[in-house]
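See structure below.
For the numbers below, each heavy atom of this structure counts, side chains included, while hydrogens, waters and symmetry mates do not.
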Number of protein chains: 2
Amino acid sequence: MTKKPPQRPATLADIARHAGVSRSLASLAIRGEGAVSPETRKRIMEAAAALDYRPNLVARSLASAEAGYLGIVVGEIENPLQAEIAKLASGLARAEGYSALVSIDADTDEKAEEAIRTLIAHRVSGVLAIGAPFEKPAIARVASWIPMVYVGRLLKVVAVDSVTTDDVTGGILAVDHLVALGHRRIAHVDGGASPGAERRRDGYRRAMERHGLERQIRIIEGAYTIDAGARAARALLAEPDWRPSAVFASNDMTAIGLINEAMRIGLSVPGDLSVVGYDDVTLAGTETLSLSTIHQSAGDLASAGIAAMMARLAEPDAAVSKILVPPRLMTRRSSAPFSATAAA
Amino acid sequence: MTKKPPQRPATLADIARHAGVSRSLASLAIRGEGAVSPETRKRIMEAAAALDYRPNLVARSLASAEAGYLGIVVGEIENPLQAEIAKLASGLARAEGYSALVSIDADTDEKAEEAIRTLIAHRVSGVLAIGAPFEKPAIARVASWIPMVYVGRLLKVVAVDSVTTDDVTGGILAVDHLVALGHRRIAHVDGGASPGAERRRDGYRRAMERHGLERQIRIIEGAYTIDAGARAARALLAEPDWRPSAVFASNDMTAIGLINEAMRIGLSVPGDLSVVGYDDVTLAGTETLSLSTIHQSAGDLASAGIAAMMARLAEPDAAVSKILVPPRLMTRRSSAPFSATAAA
DNA sequence: TTGAAAGCGCTACCAA
DNA sequence: TTGGTAGCGCTTTCAA
């Protein structure tokens with residue numbers, strides 16, 4: 001195949017001529033608008049079918065003032081959560097009558113800004129920014145150009161609409177779960193300065209305090225990687241006088257690294273150590289890993305993002321909104337009731 | 001921020017008026033084309049800057065016959081390899097003077113066809129299909145509409161340009177590596193009917209035969225998932241009379257599941273069992289997992305894909321090309337020399 | 001219910 | 001080197 005397209009794609013003028021009507025009538029009929037008599041409409045539709053007519057969306061967009069493109073910029077498309085949010089958002093945008101213009105190689109702030117400039121040049125009505133640009137000044141700058149909603153960070157200090165998971169609650173959920181299982185020595189491997197890490201840590205701390213476990217608070221610095229998790233495991237399980245019976249990791253990859261290293265050391269999970277992660281990546285849900293974790297809903301994030309975008313577009317001067325999407329605890333096999341024998 | 005854009009974006013007519021020249025001259029100056037006198041150009045550029053002019057790309061595309069959009073359709077954007085290919089390809093397309101229109105929610109064949117229809121309506125010059133549509137008839141149909149290059153499958157029987165990794169060589173590379181380490185009982189966990197699985201299996205078989213190990217050929221049916229790997233491990237390590245000292249898995253996830261299960265059973269990797277995967281996902285390269293594997297190069301696949309697209313566009317009637325990108329062995333810690341003591 | 005005509009913002013061609 | 005004039009393919013008044 002890979003055949004060249006028909007010499008010249010049919011235009012509205014072609015089908016108008018073919019059907020013996022004016023271009024304007026043809027336009028109305030094709031779009032199903034206005035009042036067109038049934039037989040005329042039929043004739044026009046037949047002509048369109050005969051000539052394999054496909055409206056030129058570029059021309060349509062130029063002609064109709066607000067034809068409606070929505071820009072979507074993704075910082076880390078290799079990150080499955082961002083990828084899924086972007087994917088769902090582009091479907092939702094379509095459902096709102098926009099076509100999504102998606103930029104997936106905005107992996108530096110320079111490229112993100114350039115991508116948004118290009119989107120603006122395409123006259124998008126607004127931009128849904130998923131993890132990019134990253135630095136706050138760049139975010140603020142870009143948001144001064146065009147209506148924008150940022151998904152994936154809270155952006156407390158930047159005056160930009162944002163949508164993100166309620167990570168404080170997520171942290172609390174994780175700790176509550178472990179406490180309910182009877183654990184008391186619950187450590188936290190955090191995510192350093194990564195997005196959300198601070199709030200997850202806060203949730204951990206608050207929940208521990210609420211349970212009267214402030215003396216058991218142990219925070220190990222980590223990152224959102226499997227290697228950081230393994231490193232944290234070595235640090236954590238080396239402490240002679242205080243051995244946790246459970247760990248809340250700030251990220252699933254961290255949790256997986258932690259579990260892997262624990263197994264290597266000879267500890268069993270959850271026999272000797274219960275582990276809860278964060279994100280609920282695909283891997284976490286496999287039968288093999290079966291990681292208890294805090295689920296971030298890509299669907300909720302995407303729909304909240306699109307809803308915020310629609311609200312902003314409808315009311316450009318409304319107050320800035322900071323939306324928090326609730327996370328959900330997924331109980332799987334990596335966390336189990338505390339058994340006294342397991343304590344070191 | 002999130003401020004509304006300036007009442008009406010400046011147009012070429014605006015800056016022409018502002019600079020006291022004609023629109024055509026302004027157009028030439030802005031694009032840096034034609035012969036415009038330095039001072040006039042300067043005046044025009046200043047006007048453009050003053051009015052914060054951004055050319056309307058939609059209008060430009062409509063006006064210039066072949067303004068050049070390239071469509072990119074991605075089937076599984078959550079798959080990091082596809083995501084990365086798409087990302088690199090959109091950069092390369094830009095370098096070729098096209099702007100990429102990316103569709104990331106083509107996760108069913110219906111949606112893929114619809115997405116491609118929409119891209120065609122945007123008058124893209126061609127479509128780079130990354131893993132979508134999936135079924136051969138759909139692929140053939142879509143390719144009859146527009147110049148198309150398919151990335152990620154060989155498509156032997158469909159007459160569509162395609163680019164994929166040379167998986168037969170990949171399989172051979174894996175086996176050669178294990179044989180060089182002294183292994184003889186080398187099993188293969190395949191990927192069933194998944195893309196590339198058949199050729200990886202062929203490579204395994206051929207290499208085993210070439211090494212005179214046809215009696216040691218063992219193929220376990222698997223899939224590209226971690227759970228399939230774990231399942232295969234149970235099947236494989238249960239055989240009483242034949243225990244492999246090494247396994248070549250058709251996919252990294254399969255390999256990871258396999259290793260995980262082996263560790264649970266109490267085997268050490270690579271002490272008791274060497275494992276080689278396929279793909280070189282990010283996880284494989286971590287210090288913690290350190291999985292020996294066959295690397296598929298997203299960069300090579302993307303650039304071969306774009307090159308094939310350019311060739312097809314330049315010469316619509318050229319013969320269909322089936323490009324194979326060479327894979328590369330990544331030696332890491334999951335594979336080690338065979339030690340006699342390890343044999344069961 | 002239908003059609004004529006005027007744009008959307010740009011490029012392209014041709015004459016000055 | 002410059003400007004005038006036609007479109008690109010569509011939507012959108014406004015009349016008929």
Checking all strands, does A:Val21 fall into the base, sugar-phosphate, or nothing category for heavy-atom contacts under 4.0 angstrom?
sugar-phosphate
Write down the atom of B:Val160, the atom of B:Ala143, and the distance for their closest heavy-atom approach.
CG2-CB, 3.5 Å
Return the value, rounded to whole Å, for the distance between atom CD1 of B:Ile15 and atom P of D:dG3.
13 Å
Starting from P on D:dT2, measure out to CD on B:Glu33 and report it in whole angstrom.
16 Å
Tell me what A:Leu12 touches on the nucleic acid: a base, only sugar-phosphate, or nothing, going by heavy atoms under 4.0 Å.
base
Does the side chain of B:Ser22 get closer than 4.0 angstrom to OP1 or OP2 of D:dG3 through an N or O atom?
yes
B:Ser64 side-chain proximity, nearest of D:dT2, C:dT11, D:dC10:
C:dT11
Starting at atom CG of A:Leu25, determine the distance to atom C1' of D:dA15, rounded to an integer number of angstrom.
14 Å
Check whether any side-chain heavy atom of A:Val142 sits under 4.5 Å from a side-chain heavy atom of A:Pro133, and report yes or no.
yes
Rounded distance (Å) that lies between atom P of D:dT1 and atom CZ of B:Arg41:
10 Å
OP1 or OP2 of C:dT2 less than 4.0 angstrom from a side-chain nitrogen or oxygen of A:Ser37, does that happen here?
yes
Below 3.5 Å, does any donor atom in the side chain of B:Ser27 face an acceptor in the base of C:dA12, or the other way round?
no
Any side-chain donor-acceptor pair under 3.5 Å between A:Thr40 and A:Ser37?
yes
Just so I know, are the side chains of A:Arg94 and A:Tyr98 near enough to count as touching, which here means a heavy-atom distance under 4.5 Å?
no
What's the CG-P distance between B:Leu57 and C:dC10, to the nearest Å?
10 Å
Measure from the side-chain heavy atoms of A:Arg60 and tell me the nearest of D:dT11, C:dT2, D:dT2.
D:dT11
Please check the phosphate of D:dC8 (OP1 and OP2 only) for any side-chain N or O of A:Thr11 closer than 4.0 Å.
no
Candidates C:dT1, C:dC10, C:dA6 - which lies nearest the side chain of A:Arg23:
C:dA6
Rounded to whole Å, CG of B:Leu28 lies from P of C:dA12 at a distance of 9 Å
Please tell me if A:Ser24 has a side-chain N or O lying less than 4.0 Å from either OP1 or OP2 of D:dT12.
no
Gap between atoms CZ and P, on A:Arg54 and D:dC10 respectively (whole Å):
13 Å
Between atom OG of B:Ser22 and atom CG of B:Leu25, what is the distance when rounded to the nearest 0.5 Å?
4.5 Å
note: A:Ile44, atom CD1; C:dT1, atom P; distance rounded to Å ~ 13 Å
